[in-house]
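Just so you know, these numbers come straight off a predicted model, no measurement behind them. Values below: every heavy atom of this structure, side chains too, minus hydrogens, waters and symmetry copies. Along the sequence shown, residues carry numbers from 1.
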Amino acid sequence: MGERARLTATDLRVMIVDDDTWEPWDAPVGEPATTSDGADDTYAIELDRARRKSGSDESVTTGAGAIGGRRVAIVLGEFEFLGGSIGRDAGARIVAAVRRATRERLPLLAFPASGGTRMQEGTAAFLQMVAITGAVTDHKAAGLPYLVYLRHPTTGGVFASWGSLGHMTWAEPGALIGFLGPRVYEGLYGEPFPADVQTAENLVRTTVVDDVVDPVDLPARLAAVLRLLDARDRPSSDGSVTVRPQRAQTGEQEDTWACVLATREAGRAGLVEFLAGGDSAPLSDAGPLRFSLSDFDGRVALVVGYDRTSQAAGDLPGPRHLREARRAIMAAGDLGLPVVTVIDTPGAELSVVAEEGGLAAQIARCTVELLSVRVPTVSVLLGQGAGGAALALFPADVRVARADAWLSPLPPEGASLIVHRDLDHAGEMASRQGILAGRMAAQGMIDHVVDAGSDDEALSAIRDWIGRYLAGSPVPDDEARTRVPTKDAR
């Protein structure tokens with residue numbers, strides 16, 4: 001990867017922080033840390049040169065400022081200071097800032113740009129990563145947001161510690177991001193590191209990073225996310241409302257196969273339209289599985305859902321996406337955010353890569369994550385619900401579905417192949433298996449079915465139902481998430 005222009009810490013701070021709100025937190029640094037061989041003079045000269053080159057007294061600056069009117073704590077890396085490396089003073093500065101952010105109940109934003117540990121200080125500097133990680137862990141345990149924006153470059157111990165712990169993690173376009181820097185790799189192994197692996201874009205594809213965000217778009221993205229996170233504890237419009245799940249009456253169902261085909265129509269509304277129906281802010285905006293914050297009539301939730309457009313183009317959910325879903329659900333638990341899952345998928349990726357990547361295990365673990373998270377959960381069966389990818393997002397305290405949505409172990413064609421060894425009986429199998437939302441509701445597996453004449457009406461009704469349910473701040477029901485049909489269900 002060729003060299004690219006870097007934003008300095010000051011450039012980025014000026015870009016994202018509201019005018020006249022910056023409050024520096026940094027105390028002056030002390031004498032240079034002692035190295036193992038006592039060669040302090042050389043190190044002192046290097047530090048002095050770094051200060052003159054960067055205009056900063058250390059590789060990080062910390063403070064507080066407002067973004068979109070919301071006061072936050074900020075840690076900014078400065079790569080021009082000895083490659084942004086973290087030594088004793090830089091590590092202590094970060095820890096102090098994180099601890100202060102926790103005491104003052106502030107969201108914490110980290111913007112690393114670093115080659116990792118400061119080699120001049122050796123092992124003592126290396127262990128600063130543990131101290132920083134401990135402080136960040138305590139901050140998150142206090143239910144406070146920790147957002148990370150990885151800048152060019154972020155490598156080594158920084159990426160392997162506090163750079164990888166964000167509730168949400170975004171990256172600068174084209175940024176070099178990786179554990180082992182390419183220069184070190186080439187020097188150790190005698191060959192260049194493979195191209196385009198340690199890039200922000202590739203790490204989004206592999207779900208290590210949630211999204212790539214251009215610096216010019218960062219202030220608006222941060223402001224939107226902070227606004228919704230700030231509203232998560234706001235009382236709803238009527239906190240006394242409690243929605244009691246209403247099960248659909250058993251009755252004659254629509255033609256099941258016609259419903260299956262309707263859920264596959266190219267113009268059908270999906271996750272994007274569902275989120276557009278309310279105040280929402282994307283956390284990830286690419287791939288088959290996406291995450292957003294969304295306000296449901298005064299109650300902010302984390303939405304984890306499948307995107308129709310990406311899947312229609314052949315990008316199906318695989319083990320890496322379900323790992324990311326688990327991480328997002330864990331983050332919601334940390335932050336006390338309800339989780340809303342949106343199920344609309346023709347099925348998971350079927351490939352050698354998916355099998356070797358542990359697809360089955362990730363389906364199981366994602367299911368466990370939803371079963372165990374201690375926040376209210378709602379699953380929305382919006383369209384197609386085929387196989388393990390659908391099952392992974394289905395467990396919830398309550399479940400709502402569009403009338404023609406369906407859930408099955410395989411697409412009906414797959415069921416036909418197993419039972420009849422052909423595709424000709426797909427419609428028959430769909431009907432026999434009882435896959436439609438109404439049939440599921442009659443057996444107690446769906447709590448509410450929305451039957452509306454148009455996409456807009458259906459999505460509005462679903463969002464309204466979720467909002468009224470969440471307004472009651474329900475306590476998770478340990479039995480509700482594992483419901484199966486009762487013995488006398490027909």
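In this structure, Leu350 has no side-chain contact (heavy atoms from CB on, under 4.5 Å) partners at least two apart in sequence or on a different chain.
Between Glu273 and Arg308 there is no salt bridge, since no side-chain N of the basic residue sits under 4.0 Å from a carboxylate O of the acidic one. Look at Asp138 and Arg99 and you find a salt bridge, because one of the NZ, NE, NH1 or NH2 atoms lies within 4.0 Å of a carboxylate O, short of that distance. Under the 4.0 Å criterion applied to side-chain N and carboxylate O atoms, Arg13 and Glu78 are not assigned as salt-bridge partners. One finds a salt bridge joining Asp57 and Arg93 here, because a Lys/Arg side-chain nitrogen approaches an Asp/Glu carboxylate oxygen to under 4.0 Å. Between Asp48 and Arg52, at least one side-chain nitrogen of the basic residue sits less than 4.0 Å from a carboxylate oxygen of the acidic one, meeting the salt-bridge criterion.
Taking 4.5 Å as the limit, every side-chain heavy atom of Val158 sits out of range of all side-chain heavy atoms of Ile132. Residues Arg365 and Leu322 fail the side-chain proximity criterion, which asks for heavy atoms closer than 4.5 Å. You'll find the side chain of Met330 reaches within 4.5 Å of the side chain of Glu369, heavy atoms only. In this structure, the side chains of Arg100 and Thr62 stay at 4.5 Å or more apart for every pair of heavy atoms. For the pair Arg221 and Trp170, the minimum side-chain heavy-atom distance is below 4.5 Å.
Crowding of Asp20 atom CG: a count of heavy atoms from other residues, nucleotides or ligands under 6.0 Å not exceeding 12.
The closest donor-acceptor contact from the side chain of Glu121 to the backbone of Arg88 lies under 3.5 Å. Of the possible polar contacts, none joining the Glu324 side chain to the Arg320 backbone as a donor-acceptor pair under 3.5 Å is found. At distances below 3.5 Å, not a single donor-acceptor pair connects side-chain atoms of Ser164 with backbone N or O atoms of Ala160.
Under a cutoff of 6.0 Å and an axis angle of 45°, Arg51 and Phe81 do not form a cation-pi pair.
The ring pair (Phe, Tyr, Trp, His ring centres under 6.0 Å) contacts involving residues 173-218 comprise Tyr185-Tyr189, Tyr185-Phe193, where partners must be two or more places apart or lie in separate chains.
Residue Val378 forms a side chain to side chain contact (heavy atoms under 4.5 Å, CB included) with just one option from Val342, Val339, Val340, and that option is Val340. Checking Asp285, Asp344, Asp315 one by one against Arg290, the salt bridge (charged side-chain N to carboxylate O under 4.0 Å, His left out) holds for a single residue, Asp285.
Here the straight-line distance linking atom CE of Met119 with atom OG of Ser85 works out to 8.0 Å at 0.5 Å rounding. A distance of 7.5 Å separates CG of Leu228 from OG of Ser280, quoted to the nearest 0.5 Å. Atom CG of Leu150 is separated from atom OG1 of Thr169 by 6.0 Å, given to the nearest 0.5 angstrom. Note that the CD atom of Gln384 and the OH atom of Tyr306 stand 12.5 Å from one another [nearest 0.5 Å]. Taken from CG in Asp26 to OG in Ser56, the straight-line distance is 7.5 Å, to the nearest 0.5 Å.
Across Arg327 and Asp210, no two heavy atoms sit closer than the pair NH2-OD1, 3.1 Å.
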